[in-house]
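To start, the structure under review is shown below, and the notes come after it.
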Amino acid sequence: MRITSDGGHLPLGDNKGSAWYGRHILKVGQFTRGDVDCVHGVAAEMQEMVKRTGGCDLLKGKILANMFYEPSTRTSCSFMAAMQRLGGQVIPINEAKSSSVAKGESIADTAITLGCYADVMVIRNPEVGSADEAAASAGIPVLNAGDGVGEHPTQALLDTFTMRQELGRLDGLTVTLVGDLKNGRTVHSLARLLTRFDGVKLNYVAPESLRMPQEVVDEVAAAGVPQNTFEQPDQVIAGTDVLYVTRIQKERFATPEEYEQVKGVFVISPETLEGAKDDMIVMHPLPRVNEIAIEVDADPRAAYFRQMEYGMYVRMALLALVLGKA
Ligand code: NCD
């Protein structure tokens, strides 16, 4: 992308030669460090452009099919805002029950349908692998916005962008992941993506029953990243650069009783942060239920609301890249 000083952009055709053109975004395993740097570089340009002019017409004439088969506020709205700030348009499909999925249509057929109307598709679905299924038949780039307990790659890109913008680096960070590490797709993607950076250390704080899946632990270990498990956030807070807190994923529990046993197990409070560094940040993919006390919001280290805004810039970057405009 080449944005001019008045917020317009130099006329460019689709950059079909770009490695990003037409690419699906399905899991973080597909990204090299260079890819992450590239997305973050374009996201930083988007941030500047939005601050300067609010938007541009880079994606004018392009349509995004935004298909959410699970609840969402941030991911869905930030993709819509991203597309609209770049001059594109959106077909929002928010309720599977109002689409033909309710009549028994497969993901593959729905994806073929949307591929006829739109240029790019975002999908959130409770089934692991659903985005891959859509990608196999859509004929347009498919961006995975969360496939059940699987992955959430665009969130990991925005989480790492947040760390980079807030702390100035990704290398050498000690990142402590807290909460439901078993069912939280954001932490599955984030732990994997952080292995692309040098000297990163991961700490896990989760109830016994909600530990990080072995598959993720093995992948992270194979990349040579140290991983340590703790019982309580207090045990690791002093050495933490990023405290990444997650919600206990109530909807993934087999019975309400199982959820009740772990609900509210960790609550980050101003007292928790007393032992933390001045230049650390607290992140959360949101929504928060009660894992972070609202008193923490006033602490400058609380980065979770800023994180949402960074998300829009990253999604603008991804849409521009896969549509060959960046
Ligand atoms: C997360 C998700 O949907 O996985 N939210 C988000 O995308 N920002 C986290 C969650 O639901 O707890």
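Counting convention: from 1, in listed order, for ligands and their atoms alike.
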- Task: Considering only NZ, NE, NH1 and NH2 on the basic side and carboxylate oxygens on the acidic side, decide whether Arg164 and Asp37 come within less than 4.0 Å.
- Result: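 Salt bridge between Arg164 and Asp37, a charged N being under 4.0 Å from a carboxylate O: yes.
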- Answer yes or no: is there an ion pair linking Arg185 with Asp147, defined by an N-O contact shorter than 4.0 Å?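 No salt bridge links Arg185 with Asp147.
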Could you tell me if any non-hydrogen atom of [X] lies under 4.0 Å from any atom of ligand 1?
X: Gln249; answer: yes
X: Arg124; answer: yes
X: Thr246; answer: no

[atom] [closest protein heavy-atom partner, distance rounded to 0.1 Å]:
atom: atom 8 (N) of ligand 1; result: Pro285 O, 2.9 Å
atom: atom 11 (O) of ligand 1; result: Arg247 NH2, 2.9 Å
atom: atom 4 (O) of ligand 1; result: Arg185 NE, 2.7 Å
atom: atom 6 (C) of ligand 1; result: Leu286 O, 3.5 Å

- Message: Could you check whether Arg315 and Thr154, counting side-chain N and O atoms only, form a donor-acceptor pair closer than 3.5 Å?
- Response: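 On atom types as modelled, these side chains qualify, holding a pair under 3.5 Å.
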- Indicate whether any N or O donor in one side chain lies under 3.5 Å from an N or O acceptor in the other, for Gln165 and Tyr310.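 The criterion, which ignores hydrogens and geometry beyond distance, is not satisfied for Tyr310 and Gln165.
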- Message: Quick check for you: to the nearest 0.5 Å, what is the distance between Leu143 atom CG and His24 atom NE2?
- Response: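 One finds 9.5 Å between CG of Leu143 and NE2 of His24.
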- Does any non-hydrogen side-chain atom of Leu114 lie less than 4.5 Å from one of Met67?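 SC-SC contact between Met67 and Leu114 confirmed.
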- Item | Distance filter under 4.0 Å to Gln155 heavy atoms, resulting ligand 1 atoms |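 Checking each atom against Gln155, I get 6 (C), 7 (O), 8 (N).
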- Under 4.0 Å from any heavy atom of Pro287, which atoms of ligand 1 are there?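 Heavy-atom distances to Pro287 below 4.0 Å select 10 (C), 11 (O).
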- Option among Val28, Ile25, Val216 that satisfies the side-chain contact (heavy atoms from CB on, under 4.5 Å) test with Glu151: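 With Glu151 as partner, side-chain contact (heavy atoms from CB on, under 4.5 Å) holds for just one option, Val28.
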- Task: Would you please classify the geometry between the His40 ring and the Phe161 ring as parallel, tilted or perpendicular, with 30° and 60° separating the classes?
- Result: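 Judged by the thresholds at 30° and 60°, the geometry between Phe161 and His40 is tilted.
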- N/O separation below 3.5 Å, Thr75 to ligand 1: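 For ligand 1, there is an N or O atom that lies under 3.5 Å from one belonging to Thr75.
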- Item | Within reach of ligand 1, part of His152 (heavy-atom separation under 4.0 Å) |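 It is the side chain that touches ligand 1; the backbone stays farther off.
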